[in-house]
Amino acid sequence: MTNPFDPADYLTDEESRAEYLRLSFESGDAAEIAEGLGTVARALGMSRIATDAHLSRPALYRALARDGNPSLDTILRVIKALDLQLTVRPAQRQSEPAS
């Protein structure tokens with residue numbers, strides 16, 4: 001019997017966790033962002049992240065599930081608990097074809 005693949009098992013350093021989240025946020029998909037935050041939280045220990053974010057563990061699991069819908073407050077708490085910061089930069093626009 002094989003264990004299901006869990007990307008959290010491979011997020012063993014700050015750089016890999018940050019890159020994983022960067023790609024989640026870059027997708028622009030709310031479900032993927034929530035799931036990405038949940039995966040990184042699992043990699044670091046969901047109990048610790050829940051405590052640091054001042055959230056219950058079950059509430060954190062629900063909010064960061066693929067079908068969860070975390071509030072901005074929850075997202076910011078989790079990002080802070082992950083010792084990360086959220087930054088914003090201008091979007092790169094695709095160049096328009098010449099006419």
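Atom set for the values below is all heavy atoms of this structure, side chains included, hydrogens, waters and symmetry mates excluded.
The closest donor-acceptor contact from the side chain of Asp13 to the backbone of Ser16 lies under 3.5 Å.
Within the model, atoms CZ of Arg62 and CZ of Arg57 stand 12.5 Å from one another, a figure rounded to the nearest 0.5 Å. Rounding to the nearest 0.5 Å gives a distance of 11.0 Å between OG1 of Thr87 and CZ of Arg22. Note that CG of Leu82 is 13.0 Å distant from CD of Gln85, once rounded to the nearest 0.5 Å. Atoms CG and OG1, from Asp6 and Thr39 in turn, are 6.5 Å apart once rounded to the nearest 0.5 Å. Note that the CD atom of Glu35 and the CG atom of Asp67 stand 9.5 Å from one another [nearest 0.5 Å].
Residues Ala63 and Pro70 share a closest heavy-atom pair of O-CD, 3.1 Å. Ser24 and Ser27 make their closest contact through O-OG, 2.6 Å (heavy atoms, listed as atom of the first residue, atom of the second, distance). Between Ala65 and Ala34, the closest heavy-atom pair is O-CB, 3.9 Å. Pairing each heavy atom of Ala81 with each of Ala53, the nearest pair is CB-N, 3.9 Å. Nearest approach of Met46 to Gly38, heavy atoms of both residues: CE-O, 4.0 Å.
With respect to Arg77 and Asp73, a salt bridge is recorded, a charged nitrogen being found less than 4.0 Å from a carboxylate O. Looking at Glu14 and Arg17, no side-chain N of the basic residue comes within less than 4.0 Å of a carboxylate O on the acidic one, giving no salt bridge.
The ring of Tyr20 has its center no closer than 6.0 angstrom to the ring center of Phe25.
Between Asp29 and Arg66 the shortest side-chain heavy-atom distance falls below 4.5 Å. Under the 4.5 Å side-chain criterion, counting only non-hydrogen atoms from C-beta, Ile49 is not in contact with Leu55. Residues Ile79 and Leu21 fail the side-chain proximity criterion, which asks for heavy atoms closer than 4.5 Å.
Checking Leu84, Leu64, Val40 one by one against Val78, the side-chain contact (heavy atoms from CB on, under 4.5 Å) holds for a single residue, Leu64.
Phe5 and Leu23 fall into different hydrophobic clusters, where Ile, Leu, Val, Met, Phe, Trp and Tyr side chains are chained together by heavy-atom contacts under 4.5 Å. Leu44 and Leu76 fall within the same hydrophobic cluster, defined by Ile, Leu, Val, Met, Phe, Trp and Tyr side-chain heavy atoms under 4.5 Å apart, directly or through other members.
Looking only at atom types and distance, the side chain of Ser71 has a donor-acceptor partner in the side chain of Thr74 under 3.5 Å away.
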